Amino acid sequence: MIAFVSGPVAALAPDTAVLEVGGVGMAVQCTPGTLAGLRVGEPARLATSLVVREDSLTLYGFADDDERQVFELLQTASGVGPRLAQAMLAVHSPDGLRRAIASRDEKALTAVPGIGKKGAQKLLLELKDRLGEPAGGPQRPAVPAPAGPPEWREQLMTALTGLGYAPREAEEAIGAIAPQAEAVAADGTPVPVPRLLRAALQTLNRAR
């Protein structure tokens with residue numbers, strides 16, 4: 001098992017980061033929130049989970065060990081593969097998923113692309129005793145993006161279109177949460193891109 005990879009970020013794509021590890025470029029599938037905290041040329045450390053198939057080896061990367069653990073536990077539910085598990089973590093933090101399962105929040109699960117009402121009900125039954133209780137503390141720390149509307153807008157647009165949303169939908173969602181980002185930037189605080197991404201996804205879900 002490859003528990004983590006560490007090294008400078010060589011390249012970024014909408015769903016992939018390439019880290020240089022010992023002179024080798026390791027392609028790691030990541031959520032938009034994780035990718036938003038990475039910068040090309042800067043060092044990074046990602047917790048990882050290797051998914052082995054007959055015709056492929058895919059390395060999934062996470063901001064921390066808790067996110068990786070939840071990714072693996074989600075796949076113990078029937079019908080949940082690595083891509084759906086990653087999509088769930090793109091929309092919700094690990095504790096967000098724990099709260100959704102504990103409170104039987106179908107709407108929170110159907111906010112994930114690929115999960116309908118029946119699927120959400122099935123997941124609530126299967127996962128109710130598997131993810132554990134929410135930590136109850138603050139959200140996991142994310143590597144902050146530098147303040148400045150052009151930077152965070154570009155990151156959110158890349159993340160949302162990478163999840164399959166049309167550019168027009170992404171622009172509308174970003175516009176809806178822009179006041180939050182601008183208020184943070186006005187205080188001189190780094191703009192929390194992963195948190196804004198979740199807010200934008202919630203806006204898109206309400207608009208459906």
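Just so you know, these numbers come straight off a predicted model, no measurement behind them.
Exactly one of Gln75, Glu72, Arg68 qualifies for a side-chain hydrogen bond (donor to acceptor under 3.5 Å, both in side chains) with Ser49. That residue is Glu72.
The shortest non-hydrogen separation linking Leu127 to Ala77 is CD2-CB, 3.9 Å. Residues Met157 and Ala170 approach most closely at SD-CB, 3.6 Å, considering heavy atoms. When all heavy atoms are compared, the tightest approach of Ala44 to Leu19 is O-CD2, 3.8 Å. When all heavy atoms of Thr203 and Ala176 are compared, the closest pair comes out as CG2-CB, 3.9 Å. Of all heavy-atom pairs spanning Glu67 and Thr34, the tightest one is OE1-OG1, 3.6 Å.
If you take CD on Gln202 and CG on Leu197, they are separated by 10.0 Å, rounding to the nearest 0.5 Å. Note that OG of Ser93 and CZ of Arg98 are 8.5 Å apart. Values are rounded to the nearest 0.5 Å. Expressed to the nearest 0.5 Å, how far CZ of Arg153 lies from CG of Leu196 amounts to 10.5 Å. The distance from the CD atom of Gln86 to the CG atom of Asp15 is 7.5 Å, given to the nearest 0.5 Å. Note that CD of Gln121 is 10.0 Å distant from OG1 of Thr110, once rounded to the nearest 0.5 Å. Rounding to the nearest 0.5 angstrom, the gap separating the CD1 atom in Ile2 from the CE atom in Met26 is 4.5 Å.
Between Arg130 and Ile101 there is no side-chain heavy-atom pair separated by less than 4.5 Å.
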Evaluate Glu169 against Leu204 for side-chain contact (heavy atoms from CB on, under 4.5 Å), listing each step before the verdict.
CA-CA 7 Å; Glu169 290 179 304; Leu204 286 162; 3.9 Å; yes
List the steps, then state whether side-chain contact (heavy atoms from CB on, under 4.5 Å) holds for Leu74 with Leu131.
CA-CA 8 Å; Leu74 289 172; Leu131 299 188; 4.2 Å; yes
Working note: Thr16 + Leu35, criterion side-chain contact (heavy atoms from CB on, under 4.5 Å); need CA distance, chi angles, decisive distance, verdict.
CA-CA 8 Å; Thr16 307; Leu35 291 170; 6.0 Å; no
Would you please test Val70 and Met88 for side-chain contact (heavy atoms from CB on, under 4.5 Å) and show each step?
CA-CA 10 Å; Val70 170; Met88 293 172 75; over 6 Å; no
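Other residues, nucleotides and ligands contribute only 12 or fewer heavy atoms inside 6.0 Å of the CZ atom of Arg83.
The list of ring pair (Phe, Tyr, Trp, His ring centres under 6.0 Å) pairs with a residue in residues 32-56, not counting sequence neighbours, is empty.
Hydrophobic cluster membership differs between Leu125 and Ile115, with clusters built from Ile, Leu, Val, Met, Phe, Trp and Tyr side chains linked at under 4.5 angstrom. Val52 and Phe4 fall into different hydrophobic clusters, defined by Ile, Leu, Val, Met, Phe, Trp and Tyr side-chain heavy atoms under 4.5 Å apart, directly or through other members. In the hydrophobic clustering of ILVMFWY residues, with side-chain heavy atoms under 4.5 Å counting as a link, Val40 and Val21 come out together. Leu59 and Val18 are not part of a single hydrophobic cluster, where members link through side-chain heavy atoms under 4.5 Å apart.
With sequence neighbours left out, the ring pair (Phe, Tyr, Trp, His ring centres under 6.0 Å) criterion links Phe71 to Tyr60, Phe62.
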